[in-house]
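Reviewing the structure listed below.
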Amino acid sequence: MRNRYLDLLRFLAIVRVVVYHVTGWATLTLIFPAMSVMFALAGSLMAASLDRSGVPAVGRRLRRLLPSLWVLAAVFVPAMLLTGLPLTPKVLVWLFPVSDPPANHWGALALSPIWYLRDYLWFVLASPVALWLFRRAPLPTLLAPYALLAAIEFGVLANPPVVLREFGLYFGAWLLGFAHHDGLLRRTANRVLVPVAVALGAAGLGWIFTHPGPRGHDLNDIHLGNALWSAAFILVAIGRAPAAAPWVDRHRALGGVVTLLNRRALTVYLWHMPFVVALTPLVDVVGWSHQDPLGLAVRVALVFVLVGVVALLVGWVEDLAARRTPELVPGRPRRTAAERAAAAPASPAPAGAGTELATVGARVPAPRRAPERSDLTPR
């Protein structure tokens with residue numbers, strides 16, 4: 001059964017990412033380290049998939065990840081080729097981005113969120129071995145990415161490959177997702193988990209405020225502080241996640257929008273940045289400053305509207321990739337077969353039909369009670 005609290009966290013993470021890219025407010029990265037939270041949630045789901053179907057889960061995860069990327073590439077790669085991107089074999093990396101795919105001057109910024117899919121792909125490929133190691137030596141496995149990142153940050157490993165650095169930065173969050181799935185975080189007593197979270201958070205904040213990056217205290221520029229602060233956040237926000245959050249669906253509007261963004265998370269993530277880049281010059285045309293509250297609010301709203309249009313046009317690809325029935329707008333309440341039958345117009349019974357049945361002694365069987373079902377649909 002889906003945990004709606006985790007769905008709510010993913011919803012908040014997606015919204016935070018979009019708002020941050022529009023506003024550039026570094027404080028948002030501190031308040032909610034969205035990317036690490038998304039990797040932790042993905043790690044938990046990956047562990048569940050491996051438990052359910054073993055190594056073939058890797059192929060299933062890639063099947064859910066890549067089609068939405070291919071739709072994006074089908075639009076933007078030809079556009080980049082027409083505006084200066086050389087046609088070389090490296091363009092094929094857009095089909096399977098094990099490294100950063102090539103882009104031209106404007107595409108490099110508009111398509112910059114591709115790094116998330118690159119990291120996600122590598123983490124999925126590493127998960128069967130990582131989960132095996134985690135279950136045999138949880139603590140050493142969990143500490144390994146943070147030790148790797150520390151070695152990079154302190155210069156022990158000079159000029160590491162980008163993918164290796166990203167393993168140090170975000171794979172710890174992915175492994176915390178393993179710990180969540182296995183119940184390790186839930187079983188950890190508060191007297192242990194809370195002090196560990198406080199210590200990690202204090203160390204992370206200390207590093208962040210003493211090692212500001214080019215954009216100040218933006219976590220994206222401060223890798224070690226990002227990893228430590230994010231780990232503390234995940235321990236609390238996911239480690240103490242409630243088993244269920246029925247209140248999310250008590251409010252129909254909230255439940256609907258949470259479901260919508262969860263079902264279209266990849267589409268929103270991939271497509272929002274091109275609209276952010278396209279709308280930014282309009283700020284100067286209209287005359288708003290880049291920090292004008294009204295201008296920022298309008299830009300955020302426009303980005304979501306434009307991404308919503310794209311989600312209507314191609315979001316159903318996520319449904320096909322997940323082998324769900326394609327929907328234009330996920331989350332809308334749908335009537336059951338019984339409700340549709342009850343609402344269907346019925347022809348009037350022939351005159352005297354009731355009397356005839358009584359005369360011949362016909363017996364009308366009582367309707368059978370439908371068995372109850374649980375929502376066992378995997379994500």
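Side chains are part of it too, since the values below use all heavy atoms of this structure and drop only hydrogens, waters and symmetry mates.
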Looking only at non-hydrogen atoms, find the nearest pair between S68 and L266 and report the distance.
CB-CD2, 3.7 Å
Check: H21 side chain, V18 main-chain N or O, donor-acceptor pair, under 3.5 Å
no
Thinking salt bridges, do K90 and D100 make one under a 4.0 Å N-O criterion?
no
Backbone N/O of L320 and side chain of R324: donor-acceptor pair under 3.5 Å
no
Would you tell me whether T29 and R16 have side-chain atoms, one donor and one acceptor, within less than 3.5 Å of each other?
no
Look only at the side chain of W271 and the backbone of L72, and say whether a donor-acceptor pair between them is shorter than 3.5 Å.
no
Presence of salt bridge, D319 and R264, under 4.0 angstrom
yes
Atom CZ of F178 and atom CG of L131: how far apart are they, to the nearest 0.5 Å?
5.0 Å
Using modelled atom types only, decide if a donor and an acceptor are shared between the side chain of T188 and the backbone of L184 within a distance under 3.5 Å.
yes
For the rings on F123 and F167, is their centre-to-centre separation under 6.0 Å?
yes
Check: R60/S53 side-chain N/O donor and acceptor closer than 3.5 Å:
yes
Keeping R4 on the side-chain end and G255 on the backbone end, is there a donor-acceptor pair under 3.5 Å?
yes
So, W174 versus S127: side-chain donor-acceptor pair below 3.5 Å or not?
yes
Lys/Arg-Asp/Glu bridge criterion (N-O < 4.0 Å) met for E166, R118
yes
A227 versus L169, closest heavy-atom pair with distance:
CB-O, 3.9 Å
Output, in order, the C-alpha distance, side-chain angles, deciding distance and verdict of ring pair (Phe, Tyr, Trp, His ring centres under 6.0 Å) for W115 and Y120.
CA-CA 8 Å; W115 71 264; Y120 195 112; over 10 Å; no
Check whether Y20 reaches the backbone of W25 with its side chain - one donor and one acceptor, N or O, closer than 3.5 Å.
no
L224 vs I152 side-chain heavy atoms within contact, under 4.5 Å:
no
Quick one: does any side-chain atom of R187 pair with a main-chain N or O of D182 as donor and acceptor, under 3.5 Å?
yes
Show, in sequence, the C-alpha distance, side-chain angles and deciding distance for Y116 and F39, and conclude whether the ring pair (Phe, Tyr, Trp, His ring centres under 6.0 Å) test is met.
CA-CA 9 Å; Y116 172 72; F39 278 123; 4.9 Å; yes
Determine whether a donor-acceptor pair (N or O, by modelled atom type, separation under 3.5 Å) exists between the side chain of E153 and the backbone of H223.
no
Cluster companions of L139 among Ile, Leu, Val, Met, Phe, Trp, Tyr (side-chain spacing under 4.5 Å)
L143
Can E327 and R263 be counted as an ion pair, charged N to O under 4.0 angstrom?
yes
N/O donor-acceptor pair under 3.5 Å between N262 side chain and D7 backbone
yes
I'd like to know if the side chain of W94 reaches the main chain of P102, judged simply by a donor and an acceptor atom lying under 3.5 Å from each other, with no hydrogens or angles considered.
yes
Could you list the residues that satisfy side chain to side chain contact (heavy atoms under 4.5 Å, CB included) with A13, not counting sequence neighbours?
F32, A34, M38
